[in-house]
Amino acid sequence: MSGVDQNLSVIDERIDRLLALCRSLQEENRSLRASQELLVGERAQLIARNEQARTRVEAMIARLKSLEQNQA
């Protein structure tokens, strides 16, 4: 095998490894994006639930203050 053939073989091998790495990174990127979408959705739901809870607590406080004023 000549030096040129050896160099081409090494280059071919490196290209194959780079292609495999690119495929692996693309799959990982897809997976991370899907996870991110799920987490963003969960976060939105938690924010909404937190807002509902805050609204209820504020309403309860207002009712308690109203009852307190009526008893005084």
Side-chain angles (χ1 to χ4, degrees):
M1 193 178 229
S2 72
V4 173
D5 288 339
Q6 286 177 339
N7 285 341
L8 286 176
S9 178
V10 168
I11 291 170
D12 188 45
E13 195 176 304
R14 287 181 181 172
I15 289 172
D16 286 343
R17 281 187 287 176
L18 282 172
L19 287 172
L21 177 60
C22 285
R23 284 187 212 106
S24 173
L25 290 173
Q26 285 174 336
E27 182 55 39
E28 183 180 2
N29 194 19
R30 268 192 289 272
S31 175
L32 289 171
R33 286 182 190 273
S35 294
Q36 182 183 16
E37 283 184 38
L38 286 174
L39 291 171
V40 167
E42 287 178 20
R43 181 178 183 271
Q45 288 176 348
L46 289 171
I47 288 171
R49 287 173 55 193
N50 192 18
E51 182 64 27
Q52 289 173 348
R54 186 165 53 81
T55 301
R56 284 189 203 149
V57 168
E58 287 173 353
M60 283 187 237
I61 291 171
R63 282 192 301 248
L64 287 172
K65 285 182 180 180
S66 174
L67 286 173
E68 188 177 81
Q69 288 174 355
N70 289 341
Q71 290 178 355

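Worth saying up front: this structure is predicted, and the values here are computed from it rather than measured. By convention here, the first residue in the shown sequence is residue 1.
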Out of curiosity, [X] [atom1] to [Y] [atom2], how far, rounded to the nearest 0.5 Å?
{"X": "Gln52", "Y": "Ile47", "atom1": "CD", "atom2": "CD1", "value": "12.5 Å"}
{"X": "Leu39", "Y": "Leu32", "atom1": "CG", "atom2": "CG", "value": "10.5 Å"}
{"X": "Leu21", "Y": "Gln26", "atom1": "CG", "atom2": "CD", "value": "10.0 Å"}
{"X": "Leu25", "Y": "Leu18", "atom1": "CG", "atom2": "CG", "value": "10.5 Å"}
{"X": "Arg49", "Y": "Glu42", "atom1": "CZ", "atom2": "CD", "value": "10.5 Å"}
{"X": "Gln36", "Y": "Asn29", "atom1": "CD", "atom2": "CG", "value": "9.5 Å"}

When you measure from the side chain of Ser24 to the backbone of Ala20, do you find a donor-acceptor pair of N or O atoms at a distance under 3.5 Å? no
Any donor-acceptor pair under 3.5 Å from Ser31 side chain to Glu27 backbone: no
Side-chain ion pair, Arg33 and Glu37, N-O less than 4.0 Å: no
Can you spot which of Val4, Asp12, Val10 makes a side chain to side chain contact (heavy atoms under 4.5 Å, CB included) with Leu8? Val4
For atom CZ of Arg56, decide whether the heavy atoms of other residues, nucleotides or ligands shown that lie under 6.0 angstrom number more than 12. no
If two hydrophobic side chains count as joined below 4.5 Å and joins carry through other members, does Leu19 share a cluster with Ile11? yes
